[in-house]
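Notes for the one structure printed next.
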Amino acid sequence: WHLWDHLIQDADSGDDNYGVVADHPELFDINNGNVGTASGPGGANADWIHFNAIDYHEEWDQIVLSSRYQNEIFVIDHSTTASEAADHSGGNYNKGGDFLYRFGNPQNYNRGYESDRILSDQHSINWIPENSPGTNNFILFNNYQSGSGPWGESAVLEFVLPVDSEGNYSIEEGEPYEPNSYIWSYENDIFSAMQGGSFRLPNGNTLITDCDSAHILEVSSEGVIVWEYTASGYTSIARAQKYALDYFNENILGDLNEDGILNILDIVSLVNLVLYGEYNLSGDINGDDTLNILDIVSLAYLILGG
């Protein structure tokens, strides 16, 4: 998929992709925005879009992309073939590689004004998963929620999509994509000029990464901090995610017969693997990519140590 295949322009009727920008929210206006920035990571080097985050919705087979410099997120169809991705039809949604949805800055497609812009330099766009409150909503880290420059404020935003259960997005003729606001936010003393993260957890809390401060915090739906961590000796943490305590329990190191416990039966299995020269990652206790007597001894220590 290439953005270059999905452009529109209203500056030259004799050139390619000419049309009315407002009539085609599924396309991107090639004349919109600046060619990079005067300073910073982009520089004046044609870093025009600066995609900085991606997420995948497996059920809908869709991809969402975050464009920092356009202050907007875009959803495209992942089901397309290479040729369909370069076209305007085909795939599960019969739109080829055109945008299925976009959000954050409707003035980009001439259906809004600066006052309608919600996103600014955002990162960490992701769909809230099925096992967490807000399933199928979007959540992201909005770097410049208010103010400008290095003294602004950041926020975490959650918003509801105008989408049905099969992943089809609706839009009114002549109007921008909804919503026109967000349903939840955290805006309490966080600011990061770059990067940052936000992820909804199964318990309803949200894990936030304030990159510039190397600060990770978990907040409740009421905005109360229930856990936080600041890394000493680091200048930044780009993004963090949280794993449940039992996340790795399905693959216990040394549990070769997969019965959920370590005992003599696992030692017997490991001895047989060593004798026959076979390899099993679960039996590689010392992580040296080979199975030998050292792994057998290590497994015995694990069993004896309980």
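Every heavy atom of this structure was used, including side-chain atoms; hydrogens, water molecules and symmetry mates were not.
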Output the distance between atom [atom1] ([X]) and atom [atom2] ([Y]), rounded to the nearest 0.5 Å.
X: Asp284; Y: Leu253; atom1: CG; atom2: CG; result: 8.0 Å
X: Thr209; Y: His123; atom1: OG1; atom2: NE2; result: 12.0 Å
X: Asp289; Y: Leu281; atom1: CG; atom2: CG; result: 8.5 Å
X: Tyr301; Y: Ile296; atom1: OH; atom2: CD1; result: 13.5 Å
X: Thr206; Y: Ile128; atom1: OG1; atom2: CD1; result: 7.0 Å

Side chain to side chain contact (heavy atoms under 4.5 Å, CB included), that's the test. Do Glu228 and Asp210 meet it? Break it down for me. CA-CA 11 Å; Glu228 60 185 324; Asp210 183 340; over 6 Å; no
Spell out, as yes or no, whether a donor-acceptor pair under 3.5 Å connects the side chain of [X] to the backbone of [Y].
X: Ser185; Y: Glu187; answer: no
X: Ser236; Y: Ala238; answer: no
X: Arg68; Y: His50; answer: no
X: Ser124; Y: Ser198; answer: yes
X: Thr135; Y: Ser132; answer: yes
X: Ser192; Y: Asp212; answer: yes
X: Gln9; Y: Asp12; answer: yes
X: Asp87; Y: Ser83; answer: no
X: Asp295; Y: Ile285; answer: yes
X: Asp98; Y: Leu27; answer: no

Is there a side-chain contact between Tyr182 and Ile118, using heavy atoms and a 4.5 Å cut-off? yes
For residues Val160 and Pro179, determine if any side-chain heavy atom of one lies less than 4.5 Å from a side-chain heavy atom of the other.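 Val160 vs Pro179: side chains apart.
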One pair to check against side-chain hydrogen bond (donor to acceptor under 3.5 Å, both in side chains): Asp10 and Tyr18. What are the steps and the verdict? CA-CA 5 Å; Asp10 58 3; Tyr18 181 76; over 6 Å; no
Can you find a side-chain donor-acceptor pair between Tyr186 and Glu158 that sits under 3.5 Å?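 Their side chains do not contain a donor-acceptor pair, so the 3.5 Å distance test is not met.
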Say whether Asp288 and Thr290, considering side chains only, have a donor N or O and an acceptor N or O under 3.5 Å apart. yes
Minimum-distance pair of heavy atoms, taken over all atoms of [X] and [Y]:
X: Ile8; Y: His24; result: CD1-CD2, 3.4 Å
X: Gly204; Y: Pro133; result: CA-CG, 3.7 Å
X: Ser154; Y: Phe191; result: OG-CA, 3.3 Å
X: Ile216; Y: Ala240; result: CD1-CB, 3.7 Å
X: Ile261; Y: Asp259; result: O-OD1, 2.9 Å
X: Cys211; Y: Gln195; result: SG-OE1, 3.4 Å

Are Ser79 and Asp77 close enough, and set up right, to give a side-chain hydrogen bond (donor to acceptor under 3.5 Å, both in side chains), and what steps lead you there? CA-CA 6 Å; Ser79 74; Asp77 187 351; 2.7 Å; yes
Full working for side-chain hydrogen bond (donor to acceptor under 3.5 Å, both in side chains) between Gln70 and Asn32: CA-CA 8 Å; Gln70 299 297 340; Asn32 189 75; 2.8 Å; yes
Please work out whether the ring planes of Phe51 and Trp1 are parallel, tilted or perpendicular, with thresholds of 30° and 60°.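 Tilted: the ring planes of Phe51 and Trp1 meet at 30° to 60°.
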Can you check ring pair (Phe, Tyr, Trp, His ring centres under 6.0 Å) on Tyr169 and Tyr101, steps first, answer last? CA-CA 7 Å; Tyr169 299 86; Tyr101 176 72; 4.9 Å; yes
Steps toward ring pair (Phe, Tyr, Trp, His ring centres under 6.0 Å) verdict (His78, His57): CA-CA 9 Å; His78 176 262; His57 195 296; over 10 Å; no
Establish, for the pair Arg200 and Trp184, whether the NZ or CZ atom is under 6.0 angstrom from the six-membered ring centre and no further than 45 degrees off its axis. yes
Could you see if [X] belongs to whatever hydrophobic cluster contains [Y]? Use Ile, Leu, Val, Met, Phe, Trp, Tyr and a side-chain cutoff under 4.5 Å.
X: Trp127; Y: Leu140; answer: yes
X: Leu100; Y: Leu119; answer: yes
X: Phe141; Y: Leu217; answer: yes
X: Tyr93; Y: Val163; answer: yes
X: Val297; Y: Leu256; answer: yes

Atom [atom1] of [X] with >12 non-hydrogen neighbours under 6.0 angstrom:
X: Glu166; atom1: CD; result: no
X: Asp189; atom1: CG; result: no
X: Glu278; atom1: CD; result: yes
X: Asn292; atom1: CG; result: yes

In sequence, state the C-alpha distance, the side-chain angles, and the governing distance for Trp48 and Phe28, and then conclude on ring pair (Phe, Tyr, Trp, His ring centres under 6.0 Å). CA-CA 12 Å; Trp48 175 51; Phe28 197 87; 5.4 Å; yes
Set out, in order, the CA-CA distance, both residues' side-chain angles and the distance that settles side chain to side chain contact (heavy atoms under 4.5 Å, CB included) for Asn205 and Val226, then state yes or no. CA-CA 9 Å; Asn205 295 343; Val226 298; 3.7 Å; yes
Dump the intermediate steps for side chain to side chain contact (heavy atoms under 4.5 Å, CB included) on Phe159 and Asn137, then the final yes or no. CA-CA 6 Å; Phe159 51 97; Asn137 291 349; over 6 Å; no
Glu175 and Arg111: CA distance, side-chain angles, deciding distance, salt bridge (Lys or Arg N to Asp or Glu O under 4.0 Å) verdict: CA-CA 6 Å; Glu175 297 295 323; Arg111 292 195 182 185; over 6 Å; no
Determine, stepwise, if the pair Glu153 / Tyr144 fulfils side chain to side chain contact (heavy atoms under 4.5 Å, CB included). CA-CA 6 Å; Glu153 295 178 353; Tyr144 288 96; over 6 Å; no
Working for side-chain hydrogen bond (donor to acceptor under 3.5 Å, both in side chains), residues Ser66 and Gln122: CA-CA 7 Å; Ser66 167; Gln122 75 288 336; 3.0 Å; yes
Full working for ring pair (Phe, Tyr, Trp, His ring centres under 6.0 Å) between Phe103 and Tyr177: CA-CA 7 Å; Phe103 176 80; Tyr177 275 107; 9.4 Å; no
Is the shortest distance from a Lys or Arg side-chain nitrogen in Lys95 or Glu26 to a carboxylate oxygen in the other one below 4.0 Å?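 Answer for the salt bridge query: no.
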